[in-house]
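Chain identifiers are assigned alphabetically (A, B, ...) following the order of the sequence lines, protein sequences preceding nucleic acid strands; residue numbering begins at 1 within each chain. This one's a predicted model, so the numbers in the text were calculated from it and none came from an experiment.
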Amino acid sequence: MNLLRREFFARSAHEVAPDLIGVTLLVDGVGGRIVEVEAYDQDDPASHSFRGQTLRNAVMFGPAGHAYVYRSYGIHWCLNVVCAERGRAEAVLIRALEPQHGLEAMWSRRGVQAERSLCSGPGKLCQALGVTGAHDGLPLDEPPFELRARTEAPTIVTGTRIGLTRAADRPWRYGLAGSPYLSRRF
DNA sequence: ACCGCGATGCACT
DNA sequence: GTGCATCGCGGTG
């Protein structure tokens, strides 16, 4: 599956999510391989698209393969990949990655921390990679974004999603087995 | 280890 | 006014 093709993302978020584990995500050359994601679909009370289109979530309604960036708790930014299309607004939340490229930029943006905490959470990851609302709606196959296909098939673990109050029992969290860069252990 | 809380923007009731 | 797809800090076991 060619990551630069829109067809990769024009599938259900439940198919795309595990396929993103191990994929390298860069923003202006800063990033690493994705180790944790969550899927959200339109029949999902926890999804921003559940109640229909608004100004904030408009990007979720397509086209696929673009970044949906929203502000969380008034402070943090969170990065999603838009999936599906044809009115089915789905997305995959990028929750954690393994810092591999541009470590100096990450350190300066995040402040002095343990390396494992540079990108171990959706808000941390956006801060480390410099993702903000200015990236909302931008295609992921063009600069400043870059995606690189994985070279090995990862061992994937699943679990329930983090931090939800609604639909908290759905096992739509995916992670790279054994990675020390997860936001939480599975 | 876990628990509580404050910071802060914005969609929604 | 309330609740959140969060994080970091400070308290207690």
**Request:** State which of C:dA5, C:dT6, C:dC7 makes the closest approach to the side chain of A:Leu164.
**Result:** C:dA5
**Asked** Charged N to carboxylate O under 4.0 angstrom, A:Glu146 versus A:Arg148?
**Response** yes
**Protein proximity profile, nucleotides 2-7 of chain B - base contact B, sugar-phosphate-only contact S, no contact -, cut-off 4.0 Å on heavy atoms** = -----B
**Asked** Rounded to the nearest Å, what distance is computed from the CE atom of residue A:Met60 to the C1' atom of nucleotide B:dA11?
**Response** 14 Å
**Request:** Using a 4.0 Å heavy-atom cut-off across all strands, classify A:Asn80 as base, sugar-phosphate, or nothing.
**Result:** base
**Asked** Quick one: is A:Arg110 getting a side-chain N or O under 4.0 Å of the C:dC7 phosphate, OP1 or OP2?
**Response** no
**Request:** Could you work out the separation of B:dC5 and C:dG13 based on their P atoms and round it to a whole Å?
**Result:** 15 Å
**Prompt:** Does a donor on one side chain sit under 3.5 Å from an acceptor on the other, for A:Glu36 and A:Ser183?
**Reply:** yes
**Request:** Looking only at side-chain atoms of A:Arg51, point me to the closest of B:dA11, C:dA5, B:dT13.
**Result:** B:dT13
**Request:** Figure out the CD/P separation between A:Glu90 and C:dA5, and round it to whole Å.
**Result:** 17 Å
**Request:** Figure out the CH2/P separation between A:Trp77 and B:dT8, and round it to whole Å.
**Result:** 15 Å
**Prompt:** What interatomic distance, in whole Å, is found between P of B:dT13 and the corresponding atom of C:dA5?
**Reply:** 14 Å
**Prompt:** Expressed in angstrom and rounded to an integer, what is the separation of A:His48 atom NE2 from B:dC10 atom C1'?
**Reply:** 11 Å
**Fill in**
Taken to the nearest whole Å, CG/A:Leu55 to P/B:dA11 is 7 Å
**Message:** Closer than 3.5 angstrom, by distance alone: can the side chain of A:Asp136 be matched with the main-chain N or O of A:Val69 as a donor-acceptor pair?
**Reply:** yes
**Item:** A:Phe8 six-ring face occupied by A:Arg11 cation (under 6.0 Å, within 45°)
**Value:** yes
**Message:** Does this structure show an ion pair linking A:Asp43 with A:Arg170, if we count only N-O contacts that are shorter than 4.0 Å?
**Reply:** no
**Asked** Taking CZ from A:Phe50 and P from B:dA11, how many angstroms apart are they, rounded to a whole number?
**Response** 19 Å
**Atom pair distance, as rounded to whole Å: OH in A:Tyr174 and C1' in C:dA5** = 15 Å
**Request:** Look at A:Arg161 together with A:Glu38 and state whether they make a salt bridge at an N to O cut-off of under 4.0 Å.
**Result:** no
**Request:** Would you indicate which nucleotide in C:dC4, C:dA5, C:dT6 comes nearest to any side-chain atom of A:Thr165?
**Result:** C:dC4
**Asked** So which of A:Val37, A:Ile162, A:Thr160, A:Thr158 actually passes side chain to side chain contact (heavy atoms under 4.5 Å, CB included) with A:Arg173?
**Response** A:Ile162
**Message:** A side-chain contact here means heavy atoms from C-beta on lying under 4.5 Å apart; do A:Arg109 and A:Val30 qualify?
**Reply:** yes
**Pairing nucleotide - C:dA5, Watson-Crick or G-U, each distance under 3.5 Å** = none
**Request:** Would you indicate, yes or no, if B:dG9 has its OP1 or OP2 atom less than 4.0 angstrom from a side-chain nitrogen or oxygen of A:Arg56?
**Result:** no
**Prompt:** Reckon A:Arg161 touches a base, only the sugar-phosphate, or nothing at all at heavy-atom distances under 4.0 Å?
**Reply:** nothing
**d(CZ, A:Arg109; C1', C:dC7) in whole Å** = 18 Å
**Asked** With both distances under 3.5 angstrom, what nucleotide forms a Watson-Crick or G-U wobble pair with B:dT8?
**Response** none
**Prompt:** With centres under 5.5 Å and planes under 30° as the test, does A:Tyr70 stack with C:dA5?
**Reply:** no
